[in-house]
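Okay, so here's the structure we're looking at.
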Amino acid sequence: MENKEVARILRETAQLLEIDGAIIGRYRSYEKVAELLYSLHERIEDICKDPKKLRELPGVGENMAEHICEILQTGDYKLRQKLLKKYPASLLELLRLQSLGPKKVLFLWETFQVSTIEGVEKLAREGKLRELPGFGEKSEQNILKATESAKRSTGRFKLNAAEDEADKFAAYIKNTELSKSAAAVESVTPAGSLRRGRETIGDIDLLVTMRPGRDKQKDVDAVAEHILKYPGIDQTLAHGENKVSVLLGSGFQVDVRMLAKENFGAALLYFTGSKSHNVALRGRALDMGWTLNEYALTTLKGGKVVAGKSEEEIYAKLGLDYIEPELREMTGEIEAAENHKMPKLVRLQDIRGDLQMHTTASDGRNSIEEMGEAAKALGYEYIALTDHSKAVTVANGMDEKRTLAQIKKIRAAQERVPGIRLLAGIEVDILKNGSLDLSNEVLAQLDVVVASVHSYMQLDREAMTDRILGAIENPYTQIIAHPTGRLVLRRDAFDYDMEKILDAAKKNGVAVECNAYPDRLDLKDVHLRMAKQRGMKIVISTDAHNTTHFRFMKYGVITARRGWLEKKDVINTLPLDQFLAALRPKPTAAVSKAAKTKSA
DNA sequence: GCCGTTTTCGGCCCGACTGTTTTCAGTCG
């Protein structure tokens, strides 16, 4: 069973316990272990084989260990079953509604035996909620809005959508032509999971710092007023002294915090998270006789400010090297920072080339020359033009003959686009049986062979593992592209033995791709980290289908950073000749080279 | 349910905001 699945069961237990009125600590203990499992990259099934190792996990005691073992063996456990006899599972859906928490959910269940979103909606429409103790007319309206919004959206969005929305909102806040209040704004900074670069984003957190002025609160109030006039707002969720929270028509919730410059570091740290990373920092602060909140790091006694202006300053006071936002997920970053073992993460400006893209030859929108010019404008030294092979008929994939013609076209285009190396590539399909979609004779003539799966995605674990292994063993395969085939929020990853695949790729000198297309982000962070631990070669490519898609590189880089990748792990940070040397050597090239050496 | 050495019992992060209260419980991040 996957870690995520066990985590989900434990989280549900925590929620049911909270509804059941358990004391805070009891349900927190389940929540904590659930969170731990979400970010753990070792498989809990493997850890469980050694009971001592299981008990060593923070927050796992005797009872929790037993629970976890029972879940792994039977798929469920007694405590949860007991709770589910008392409360229907659908009560957990109600917890997702804005403004409904465990207390009110329990009250609705006990009073009306209502346990579904539709049921709550009906009560609200009939005006039955406003009379209840602790509810009122306003609550009833809010619940109605929440049920409508729940029906519309799943609550999470792709990284690029969140970034675009955040940029638009930030530009609005800073626009002095729209509001005089903008003049008082010094900076608008996205925090939260957006800053950490998670592949999906729940809501957008923006921190607004104010210029030092005569009347701070007046400035803050004016900015808040301006924010509430943002054209995309569907509903105002909160409007306080220094916080505004709105729901946009696009489904995003945006939380804006306005703060003084001297608190910026502490606030940025706090609102960037992750939650568990923050908890660890707070604990560390307490151990050192300080307390950390969103305003500053202060002494426990007397509340004297120790640090707060910048994140760097706070980490330093806590005896830690600076931790990049992408690493703040409690997967070993605190230990690394303590022992000066932080990786020097790869940066966007380190990338020298893009190795997967499509042209009008298959399903792209731009010509070879247009892609070349656009890449050159970005400062790249080389790109590989990798159109589809014939198996992908819907994308107008190329057969052997067309591939050979395409190679010629790329060579010819090179003449017209100097200053950047145009590599003749292919995204060749990995067929159901693991063989490649084009003949070795044709593959031998390409500069870069990228292989990937676009069909029979439902193969069982064994068959899919064998299929990918087959592709890796083909001596012409140099890069496996979007290796798991998942689509963010839309399609699960293929089922195969990732460790086996990575080991085989490493052994054969095959690189794996981190596909930067925001719908893919594949490999994802945890898998990239597994690849790094094996010392594998990794490429970051955009899979661009037109020239504007080149900008997706940053999402690939941020995902790579979340996988702890450094420049040296990513081979398209190398200059052209070194990059080509890092690719798996072609059999024909090796043979002809050997033959040459012999004759010489 | 877990954890710890200034605790084996008593606390679990904590501050902002809302709405329903008439001083605060519940929700949220």
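Each chain gets a letter, A, B and so on, in the order the sequences are listed, and its residues count up from 1. Nothing here was measured: the structure is a model prediction, and the numbers come from that model.
- Nucleotides dC2(B) and dT6(B), compared at atom P, are 23 Å apart to the nearest Å.
- Nucleotide dG19(B) holds its P atom 17 Å from the CG atom of Leu132(A), rounded to whole Å.
- With rounding to whole Å, Leu108(A) atom CG is found 10 Å from dT27(B) atom P.
- With both pairing distances under 3.5 Å, dT8(B) is matched to nothing as a Watson-Crick or G-U wobble pair.
- Within 4.0 Å (heavy atoms only), Gln253(A) reaches sugar-phosphate atoms of the nucleic acid but no base atom.
- The separation of dT5(B) from dG10(B), taken at their C1' atoms, amounts to 15 Å, rounded to a whole angstrom.
- Scanning both residues, Ser115(A) and Ser90(A), for their nearest heavy atoms gives O-OG, 2.7 Å.
- The C1' atoms of dG26(B) and dT20(B) are separated by 11 Å, rounded to the nearest whole Å.
- The same atom, P, is picked in dC28(B) and in dT22(B); the two are 23 Å apart, to the nearest Å.
- One atom, CD of Glu131(A), and another, P of dG19(B), lie 18 Å apart when rounded to the nearest Å.
- For Glu148(A) and Arg125(A), the salt-bridge test passes: some basic side-chain N is under 4.0 Å from an acidic carboxylate O.
- Taking atom C1' in both dT21(B) and dT27(B), one finds a spacing of 16 Å when rounded to whole Å.
- A gap of 15 Å separates the C1' atoms of dT8(B) and dG1(B), to the nearest Å.
- Residue-level contact check: Phe271(A) touches neither bases nor backbone, having no heavy atom under 4.0 Å from any strand.
- No side-chain N or O of Gln98(A) forms a donor-acceptor pair with one of Ser149(A) less than 3.5 Å apart.
- The CG-C1' distance, from Leu97(A) to dC28(B), rounds to 14 Å in whole Å.
- At the heavy-atom level, Val33(A) lies nowhere under 4.0 Å from the strands shown.
- The same atom, P, is picked in dG11(B) and in dA16(B); the two are 23 Å apart, to the nearest Å.
- Between the C1' atom of dG29(B) and the CG atom of Leu259(A) lies a distance of 16 Å, rounded to the nearest Å.
- Comparing Ala238(A) and Glu62(A) by the nucleotide of DNA chain B that holds the closest heavy atom to each, the one mapping nearer the 5' end is Glu62(A).
- Residues that satisfy the ring pair (Phe, Tyr, Trp, His ring centres under 6.0 Å) test with Tyr322(A), not counting sequence neighbours, are Tyr315(A).
- Among the heavy atoms of the strands lying under 4.0 Å from Glu137(A) are primed sugar atoms or P, OP1, OP2 only; no base atom is included.
- Using the six-membered ring where Trp is involved, Tyr172(A) and His226(A) have ring planes that are parallel, under 30° apart on the 30 and 60° scheme.
- Per the geometry, CG belonging to Asp205(A) stands 16 Å off P belonging to dA16(B), to the nearest Å.
- Among all heavy-atom pairs drawn from Arg196(A) and Arg328(A), the shortest one is CD-O, 3.8 Å.
- Side-chain polar atoms of Thr331(A) and Arg529(A) form a donor-acceptor pair below 3.5 angstrom.
- Summarising the local packing, CD of Gln533(A) is surrounded by more than 12 heavy atoms from other residues, nucleotides or ligands at distances under 6.0 Å.
- Ranked by how close their nearest DNA chain B nucleotide is to the 5' end, Asp203(A) and Ser139(A) are led by Ser139(A).
- Nucleic acid contact class of Asn278(A) (heavy atoms, under 4.0 Å, all strands): none.
- Not one side-chain nitrogen or oxygen of Asn242(A) sits closer than 4.0 Å to the OP1 or OP2 atom of dA16(B).
- Under 3.5 Å, the side chains of Thr200(A) and Arg156(A) contain a donor-acceptor pair of N or O atoms.
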Q) Reading nucleotides 4-15 of chain B 5' to 3', which nucleotides get B (base under 4.0 Å from a protein heavy atom), which S (sugar-phosphate only), which -? A) --------BBBS

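- In this structure, the nucleotide among dT27(B), dG1(B), dG19(B) sitting nearest to the side chain of Met64(A) is dG1(B).
- Rounded to the nearest Å, the gap between the C1' atom of dC12(B) and that of dT7(B) is 14 Å.
- In dT22(B) the base sits anti relative to the sugar, since the glycosidic angle is further than 90° from 0.
- At whole-Å resolution of the value, CG in Leu106(A) and P in dA25(B) are 17 Å apart.
- Atom OH in Tyr27(A) sits about 10 Å away from atom P in dT27(B), given to the nearest Å.
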